[in-house]
Amino acid sequence: MECRYYQRLDNGRVECQLCPHYCSIANGKTGICRSRRNEGGVLVSEVYGKPCSLAIDPIEKKPLYHFHPGTKCLSFACTGCNFRCLNCQNHEISQVSPTEVGHYDLSPSQIVELCLKHHCPGIAYTYTEPLTYLEFMTETSRVAHENGLWNILVTAGYVCQEPLKDLLPYLDAANIDLKSFSDDIYQHISGGHLQPVLDTILAMRDAGVWIELTNLVIPGVNDDMTMIRQMCRWLFGNSLADNPLHFSRFFPRYKMQDIPPTPIQTLKEAKQIAQEEGIKHVYLGNVYFP
């Protein structure tokens with residue numbers, strides 16, 4: 001399917017205008033996300049209608065703790081991501097091209113029908129980076145709303161504002177992965193920048209989308225308590241004190257096998273700082289307290 005957000009350039013190239021990478025893509029090639037391809041000067045989504053993963057999850061798994069707790073949602077994902085996180089937990093489907101994994105053939109209407117069949121009150125776009133298949137997600141979200149279903153986005157938030165505006169009317173809730181409060185760390189660990197993510201958070205806040213935030217705390221990478229305090233002050237100063245903040249424990253994964261799991265004490269310190277800065281609902285994730 002032809003993508004909505006691009007511009008034709010000289011020499012057969014196209015510029016994708018979905019996310020702040022603004023990939024300049026030669027004929028026959030894809031952008032960073034691997035799922036948007038230039039075919040003869042037309043940018044096409046190679047994953048429209050082709051989810052690679054389907055599951056029914058508790059809503060708390062997203063994690064969303066303050067949005068209809070105790071309910072379940074139909075979760076699905078397509079391959080691709082516009083980040084290159086060294087610690088990616090789902091790299092088997094996010095860091096590959098669509099041809100490397102199997103997929104279902106499901107239209108937006110069929111996904112909604114599946115959700116209704118299993119008596120799920122909402123759909124979660126999750127596991128990889130749903131914003132890379134925004135056209136598919138927007139249409140599915142529209143049909144979902146027509147059938148009285150919620151739409152839940154789990155995202156790193158790296159998207160341009162114009163495409164985001166097309167999606168916002170159909171979003172009910174989102175968990176945004178705020179990876180750190182340092183642009184240098186974003187560039188080194190994920191291959192992106194901080195400011196566009198902050199812009200996404202504020203746009204969703206202004207649109208009335210229920211927001212919860214996740215910060216995966218990685219030892220020696222983004223566990224500086226001064227930076228965490230700055231992040232929490234930014235959240236408080238931008239009217240996000242009532243929105244839950246989830247500090248999640250890191251475990252060795254993908255290209256970060258040499259870093260140990262996050263000490264529980266580190267998470268507790270981060271939680272204390274967040275509470276000191278006025279964040280009302282702070283949770284620890286990927287931990288077990290007997």
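FYI, side chains are in, hydrogens and waters are out, and symmetry mates aren't considered; it's all heavy atoms of this structure.
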Nearest 0.5 Å, please: how far is [atom2] in [Y] from [atom1] in [X]?
{"X": "C85", "Y": "M256", "atom1": "SG", "atom2": "CE", "answer": "8.5 Å"}
{"X": "H145", "Y": "N151", "atom1": "NE2", "atom2": "CG", "answer": "4.5 Å"}
{"X": "I32", "Y": "H21", "atom1": "CD1", "atom2": "NE2", "answer": "4.0 Å"}
{"X": "I218", "Y": "T262", "atom1": "CD1", "atom2": "OG1", "answer": "7.5 Å"}

Check whether the side chains of [X] and [Y] place a donor and an acceptor atom closer than 3.5 Å, and report yes or no.
{"X": "H66", "Y": "E212", "answer": "no"}
{"X": "Y125", "Y": "S141", "answer": "yes"}
{"X": "T132", "Y": "N82", "answer": "no"}
{"X": "T138", "Y": "D166", "answer": "no"}
{"X": "T99", "Y": "S97", "answer": "yes"}

Could you check whether any side-chain heavy atom of [X] comes within less than 4.5 Å of a side-chain heavy atom of [Y], counting everything from C-beta outward?
{"X": "N215", "Y": "L213", "value": "no"}
{"X": "L86", "Y": "Y254", "value": "no"}
{"X": "L43", "Y": "Y5", "value": "no"}
{"X": "T79", "Y": "E46", "value": "no"}
{"X": "S75", "Y": "Y127", "value": "yes"}
{"X": "L149", "Y": "L116", "value": "yes"}
{"X": "L164", "Y": "M204", "value": "yes"}
{"X": "L114", "Y": "Y104", "value": "no"}

Check whether any side-chain N or O of [X] sits under 3.5 Å from a backbone N or O of [Y] as a donor-acceptor pair, and report yes or no.
{"X": "N222", "Y": "K179", "value": "yes"}
{"X": "S190", "Y": "G192", "value": "no"}
{"X": "S45", "Y": "M1", "value": "no"}
{"X": "D183", "Y": "L194", "value": "yes"}
{"X": "D223", "Y": "G220", "value": "yes"}
{"X": "Q95", "Y": "F83", "value": "yes"}
{"X": "N38", "Y": "G12", "value": "yes"}
{"X": "D224", "Y": "T226", "value": "yes"}
{"X": "N90", "Y": "T128", "value": "no"}
{"X": "R249", "Y": "N286", "value": "no"}

Q.
Checking C160 against Y22 for the side chain to side chain contact (heavy atoms under 4.5 Å, CB included) test, could you report, in this order, the C-alpha distance in whole Å, the side-chain angles of both residues, the deciding distance, and whether it holds?
A. CA-CA 9 Å; C160 293; Y22 290 103; 3.4 Å; yes
Q. Residues two or more places apart in sequence or in another chain: which of them pass salt bridge (Lys or Arg N to Asp or Glu O under 4.0 Å) with E269?
A. none
Please give me the minimum heavy-atom distance between [X] and [Y], naming the atom from each residue.
{"X": "L9", "Y": "S24", "value": "CD1-OG, 3.7 Å"}
{"X": "N238", "Y": "R205", "value": "O-NH1, 2.9 Å"}
{"X": "C52", "Y": "G102", "value": "CB-O, 3.5 Å"}
{"X": "A144", "Y": "I123", "value": "CB-CD1, 4.0 Å"}
{"X": "R36", "Y": "I25", "value": "O-CD1, 3.9 Å"}
{"X": "C88", "Y": "S94", "value": "SG-OG, 3.0 Å"}

Q | N-O pairing of R253 and E92 below 4.0 Å | A | yes
Q | SB check E146 R142 (cutoff 4.0 Å) | A | yes
Q: Show your working on salt bridge (Lys or Arg N to Asp or Glu O under 4.0 Å) between E162 and R4 and close with a plain yes or no.
A: CA-CA 11 Å; E162 286 303 315; R4 295 180 190 167; over 6 Å; no
Q.
Run E277 and M231 through side chain to side chain contact (heavy atoms under 4.5 Å, CB included) and show every step you take.
A. CA-CA 10 Å; E277 295 301 329; M231 178 182 72; over 6 Å; no
Indicate, with yes or no, if [Y] and [X] share a hydrophobic cluster defined by side-chain heavy-atom contacts under 4.5 Å among Ile, Leu, Val, Met, Phe, Trp and Tyr.
{"X": "Y283", "Y": "L245", "answer": "no"}
{"X": "I93", "Y": "L131", "answer": "no"}
{"X": "L198", "Y": "I279", "answer": "yes"}
{"X": "M137", "Y": "V44", "answer": "no"}
{"X": "V14", "Y": "V47", "answer": "no"}

Q: May I ask you to list the residues sharing a hydrophobic cluster with I59, side-chain cutoff 4.5 Å, ordered by chain and number?
A: L64, F67, W150, I152, W210
Looking at [X], I'd like to know if its [atom1] atom is crowded, meaning that more than 12 non-hydrogen atoms belonging to other residues, nucleotides or ligands lie closer than 6.0 Å.
{"X": "H188", "atom1": "NE2", "answer": "no"}
{"X": "D105", "atom1": "CG", "answer": "yes"}
{"X": "F251", "atom1": "CZ", "answer": "yes"}
{"X": "Q89", "atom1": "CD", "answer": "no"}

Q: Please step through side chain to side chain contact (heavy atoms under 4.5 Å, CB included) for the pair E129 and T155, ending with a clear verdict.
A: CA-CA 6 Å; E129 178 46 74; T155 179; 2.8 Å; yes
(Q) Using the ring centroid of each side chain, check whether Y186 and H193 are separated by less than 6.0 Å. (A) no
Q.
Using the rule given for side chain to side chain contact (heavy atoms under 4.5 Å, CB included), can you reason through I259 versus N87, listing the C-alpha separation, both sets of side-chain angles and the distance that settles it, and then say yes or no?
A. CA-CA 10 Å; I259 296 179; N87 59 298; over 6 Å; no
Q) Going by the angle between their ring planes, with limits at 30° and 60°, are Y65 and H246 parallel, tilted or perpendicular? A) perpendicular
